[in-house]
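Positions are given from 1 along the sequence. Note that the structure is a prediction, hence the values are computed from the model and not measured.
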Amino acid sequence: PEMVFATALPLLFYLMTLPSVAHAAAKPHIMLVVVDDLGWLDVGFHNGSYINTPILNDLVRQGVHFDHYYGHSICTPSRAAIFTSRFASHTGLQHSYMTQGVNYSLPLKFNTIADHFNQTGDYACHMVGKYHLGFASEAMIPTSRGFSSFLGYLGGGEDYYTHASGGYLDFSDGNGCRPEYIGNYSTHVFANHTIDIINNHTGDQKLFLYLPFQSVHSPLEAPAEEIVPYDWLPNKDRRVLGAMATDLDTQMGRLVDTLKARGWWNNTLLWLVADNGGPPYVANSNWPMRGGKWTSFEGGTHLTAFAVHGGGLLPSKNFTGLAHHVDLAPTLLAAAGYTYTDSVQPPPDGVNLWPSLLAPGDEPSPRDHVLLNVDQTNQQALNDPKGWSGYAGIVVKSANLGHWKLQLGNLGTPNNWCWPPLQRNQSWLVSADTDIILGSTPKISPQVHSDPAIHDPMPNPNHLSCGFDGTAPSNSSDRTVPILFNLATDPRETTNVVAQYPEVHATLLGRLQTYIDSAVPPLNEFPAERRTQEAAKTRADKVGCWGPWLD
């Protein structure tokens, strides 16, 4: 059954009558959780999923589920948007991802979300998990970007147990390497350390906890006991992916229990979001949406997200308005009673969603569009011919404009619908009271592929694939060709209707052109900028792990 929410009452009357509104005056503890490469169907609360996530299912029912939350399609651009409240094309981090030991970072001129919470004086900021925004110098690492403490890895991916990446350990804090964690599963390390932060926290300040988990990013690794319940799945990679998601769910339950034990859950705002869409060529599923990570299709940019307040301040509802990573800083600061202001140029792109989220009904979003990206790297010359994820795109959604997507250039690969849910009785995975369905994405019977073939790129006459290629179109016109989808009637993005709707095309192109004109050059546009520095490897050899080498 679909979740149904009551018609909205006037917000003021609602806040006056809500029993838990006593918590509204108290500044909340805030936990921002980012799940790496999480696909739409990699959680148990989306229609058709067999993934066992009972804790997340319960949490999302208590709060706001985002039906149209967007981010960029790759790790680094999305994390830059979260940190700065700016679309990635306004920070120079719009192209691809950072490899280990590169010379550039999130520009130091930008204030981070942690900087803003620090400036209030009311919050102690801690980061646990994946950084991926540059570490060439001490000024670039998390403990120099607003966080009082950090434990995790600085790059984009690594082994869950050895914590090795590119031949070296990538596990550190603000003071150096932490080899004692070798052999420990990172999801457990991060949860345990966050629990320690919560238990050891004293004083009047509230906590701002930024917890970007490694899960469920590749490599596919999970504790053996978590894989057993998924033995029925015919694809072994999907079994492990399911186990990784379930283990993450368990750790989230431990975090909530710790907050409850300290008496803080009733005044905690928890916000969980994927950084980008799932990569189906690994084992993730974004069904029924098209595409995945690295693409401008919905499967790459339309993300799983929810927010819940332990004291019930947020209503239980499905929020159908637009939201984006850039909105996190303004919204979370508003939840703490502050107005987000930042004079650094280019100006912030985020908006405050908090009033719309507090409303009991499906209040309209204060934004009517989101930018998918503007990446000039391969637009004129092929400066990274294997790093294509689209050129420029925008999504609009409002009562006046309708619901449309305009993309300039090929949207990238994977470009298929991956992967449909298996036809199986799932009653053993979830109890009746947790078998919830959220989202307005259509219910569609599997008709394209079967789950066992996850690693098959599956070429067919229509050149559809669940694999990743990344090759930029050799024909320059294919890098700028307009593609228009009517997401209101075609959420699966099957038909380019640009010829049928010239006025819509013109309207969206005008909006998109503003972002094209304001985009800054990518910091890694040219091959030399993407190359691992020998000095970085020399430092890792000497010290024992990746870390700053310019100081």
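Side-chain atoms of K386 do not come within 3.5 Å of backbone N or O of G470 as any donor-acceptor pair. No donor-acceptor distance shorter than 3.5 angstrom exists from the side chain of E525 to the backbone of D384, with no hydrogens or angles considered. Not one N or O on the side chain of R479 forms a donor-acceptor pair closer than 3.5 Å with the backbone of Y391.
Within 6.0 Å of OH on Y97 lie no more than 12 heavy atoms contributed by other residues, nucleotides or ligands. For CD of E503, the number of neighbouring non-hydrogen atoms (other residues, nucleotides, ligands) closer than 6.0 Å is 12 at most.
Of the charged side-chain nitrogens involved, none lies within less than 4.0 Å of a carboxylate oxygen, so that D67 and K397 do not count as a salt-bridged pair. A salt bridge between R79 and D36 is present, with a side-chain N of the basic residue lying under 4.0 Å from a carboxylate O of the acidic one.
The structure places CG of L484 at 9.0 Å from OH of Y501, a figure rounded to the nearest 0.5 Å. Summarising the geometry, atom CD belonging to Q407 is positioned 8.5 Å from atom CG belonging to N373; distances are rounded to the nearest 0.5 Å. Rounding to the nearest 0.5 Å places CG of D490 at 10.0 Å from CG of N496. In this structure, CG on L41 lies 8.0 Å from CG on N47, to the nearest 0.5 angstrom.
Applying the ring-ring contact (aromatic ring centres under 6.0 Å, His included) criterion to Y340, with sequence neighbours excluded, gives H116. Applying the side chain to side chain contact (heavy atoms under 4.5 Å, CB included) rule to H193 yields the partners V128, L151, I197; only residues at least two apart in sequence or on another chain are considered. Partners of E493 under the salt bridge (charged side-chain N to carboxylate O under 4.0 Å, His left out) rule, at least two apart in sequence or in another chain, are K405.
Considering only heavy atoms from C-beta on, E158 stays 4.5 Å or farther from W546 through its side chain. Contact of the E298 side chain with the Y70 side chain is registered, since non-hydrogen atoms from C-beta on lie closer than 4.5 Å.
Aromatic pair Y281/F468: ring centres closer than 6.0 Å. The six-membered or imidazole ring of H324 lies near that of H72, with a centre-to-centre distance under 6.0 Å. Between H68 and F319, the distance separating the two ring centers is not shorter than 6.0 angstrom.
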